[in-house]
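Report on the structure given below.
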Number of protein chains: 2
Amino acid sequence: MHGCAACPVRIDALCGALETPDELETIHRLGRRIEVSRGQTVVWEGDESLVVGNVIEGLLKLSIISANGTEQIVGLAYPSDFIGRPFGANAGHSVTALVDSTICVFPRRAFDAFAETHPQLGQALLRRTLDDLDRARQWMVLLARKSASARVASLLLDMWDRCPSGPDRTVMLPLSRQQMADLLGLVIETVSRSITALRDKGVVSLPGGRRLVVEEPDSLKAIAAD
Amino acid sequence: MHGCAACPVRIDALCGALETPDELETIHRLGRRIEVSRGQTVVWEGDESLVVGNVIEGLLKLSIISANGTEQIVGLAYPSDFIGRPFGANAGHSVTALVDSTICVFPRRAFDAFAETHPQLGQALLRRTLDDLDRARQWMVLLARKSASARVASLLLDMWDRCPSGPDRTVMLPLSRQQMADLLGLVIETVSRSITALRDKGVVSLPGGRRLVVEEPDSLKAIAAD
DNA sequence: CGCGGATTTGACCTACGTCAACACCCGTGG
DNA sequence: CCACGGGTGTTGACGTAGGTCAAATCCGCG
């Protein structure tokens, strides 16, 4: 028993769309809560997605290896986000844990069948996917048009409001410089230089250990805008 | 009467998911076939999408104006593609005709209601949206990692198999250099230079008037790969 | 203390952007 | 028939943001 009733993301995640005790019971029996450790991959680019599921805790990356060998991170999955590729098509990207995470997985075929017979769930997944698409397109603008410093500033702002942060304006950055670079379409040195430039301007400070303090949110927003 | 039965894209478009005569009749009464001329916008970025619909004939762009004023094309809509943003959220991008086109539009609210009561349609839209998302992420890799010439080569290949082309390897390019630049995250001069470089290498030839002949498909593919 | 990975810093180079001419294509009108 | 003009595309000269390569420096951990 993993207790959907006690699931910390039930309301926000896809399952929140299910209402009758009957439905909940069925999906409950389908799902299995698993722990994935940092670096572990749960879906491989190009393979049929064997599982789909919800992120309960942690952070995963969605990534594609480009022809020239560099990795591009095409999305992040935070708690309550849905991962995997339902309905037949092969996964367009890998899904890998960036930090130790716990996810609730369903066998893909069983999930497909369940979704087809429970319109509520299909509906909810559709809305979620439309939102993901909007976000992906917004990110395309960043990749295509923004300067390195604007990209970095955008990312830091993103993480500031999506990541566990202290009461002061401190964020614990979950990404290495390399991962930021993979996400922003830059190289590691450029990310590093951009961040130190922000520090030198007093916009952020770096108390060490992947901690970041946003000293001047407005300046950061201005830089992020381009 | 605009005759869904005679619609050239009915099978491929979203409506292909509807099966009973009853459903078809209902959606038929909801839809209206309209002509949009080159340059005309049917959905505005940031506004609530008043209409959604299917492209019947022509080509539209999905675009976002970035903070610094440059336009980024985040997608193209070919015949049988779905356009507009159902379900509440404001449109993340504008939709504008690149050439004179004809589309079949539905009032957004009525479509939303119809989709919620007809799971078949919701299902079909979900599959389509998942595909769009995969494509958008693939495009992110191009924008983030590929060289200018690889981007241009990728685009030419894309258009070669999606656009009406002669029995020889001739394509009628539907995009101006500016539009290609907006799509590829480049400036117009760079696009122009890349294309002439391809011509000089004998990979393509340009018989004038926006026509393009792919002389060496394999070379073009190699360049597109990076 | 010493090791290995992550991050920073520096010197240098190049792909692409910028700015400015110029050429081409086509319809209009003298 | 040719002159003209505006939109679209090409070419050239030049500058720079960010990539590359290499060397410190930092930091957590046995």
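Predicted model only: the values in this text are computed from it and were never measured.
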| query | Can we say Arg135(B) and Asp132(B) salt-bridge, meaning some charged N sits less than 4.0 Å from an Asp/Glu carboxylate O? | reply | yes

| field | Any Ser192(A) side-chain N or O less than 4.0 Å from OP1/OP2 of dT7(C) | value | no

| Do Phe87(A) and Phe111(A) have ring centres separated by under 6.0 Å? | no

| said: Measuring from the side chain of Val187(A) (C-beta onward, heavy atoms only), which nucleotide among dT8(C), dT20(D), dG17(C) has the closest atom? | reply: dT20(D)

| query | Distance check: side-chain N/O of Arg193(A) vs OP1/OP2 of dT7(C), anything under 4.0 Å? | reply | no

| Rounded to the Å, how far apart are Asp182(B) CG and dG17(C) P? | 12 Å

| Atom CZ of Arg211(B) and atom P of dG9(D): how far apart are they, to the nearest Å? | 15 Å

| Once you round it to whole Å, what is the distance between P of dG5(C) and CD1 of Ile188(A)? | 13 Å

| said: Working note: Leu173(A) + Met159(A), criterion side-chain contact (heavy atoms from CB on, under 4.5 Å); need CA distance, chi angles, decisive distance, verdict. | reply: CA-CA 7 Å; Leu173(A) 299 177; Met159(A) 313 239 284; 3.6 Å; yes

| query | Under 4.0 Å between a side-chain N/O of Thr190(A) and OP1 or OP2 of dA17(D), yes or no? | reply | no

| remark: Taking for Arg145(A) and for Glu189(A) the nucleotide of DNA chain C with the nearest heavy atom, the one nearer the 5' end belongs to Glu189(A)

| Just how far, in rounded Å, is P of dT8(C) from CZ of Arg210(A)? | 11 Å

| said: What is the separation between atom CE on Met180(A) and atom C1' on dG18(D), rounded to the nearest whole Å? | reply: 18 Å

| field | Atom pair distance, as rounded to whole Å: CG in Leu173(A) and P in dC27(D) | value | 15 Å

| note | Leu186(B) atom CG is separated from dG9(D) atom C1', nearest whole Å, by 16 Å

| said: Regarding Arg109(B) and Glu48(B), does a basic nitrogen lie under 4.0 Å from an acidic carboxylate oxygen? | reply: yes

| task | Report which part of the nucleic acid Arg151(A) touches: base, sugar-phosphate, or nothing (heavy-atom distance under 4.0 Å, all strands). | result | nothing

| Rounded to the nearest 0.5 Å, how far does OG1 of Thr129(A) lie from CG of Asp131(B)? | 11.0 Å

| query | Leu184(B) CG to dC16(C) P: how many Å, rounded? | reply | 12 Å

| query | Hey, which of these two, Gly209(A) or Lys146(A), hits DNA chain D nearer its 5' end, going by closest nucleotide? | reply | Lys146(A)

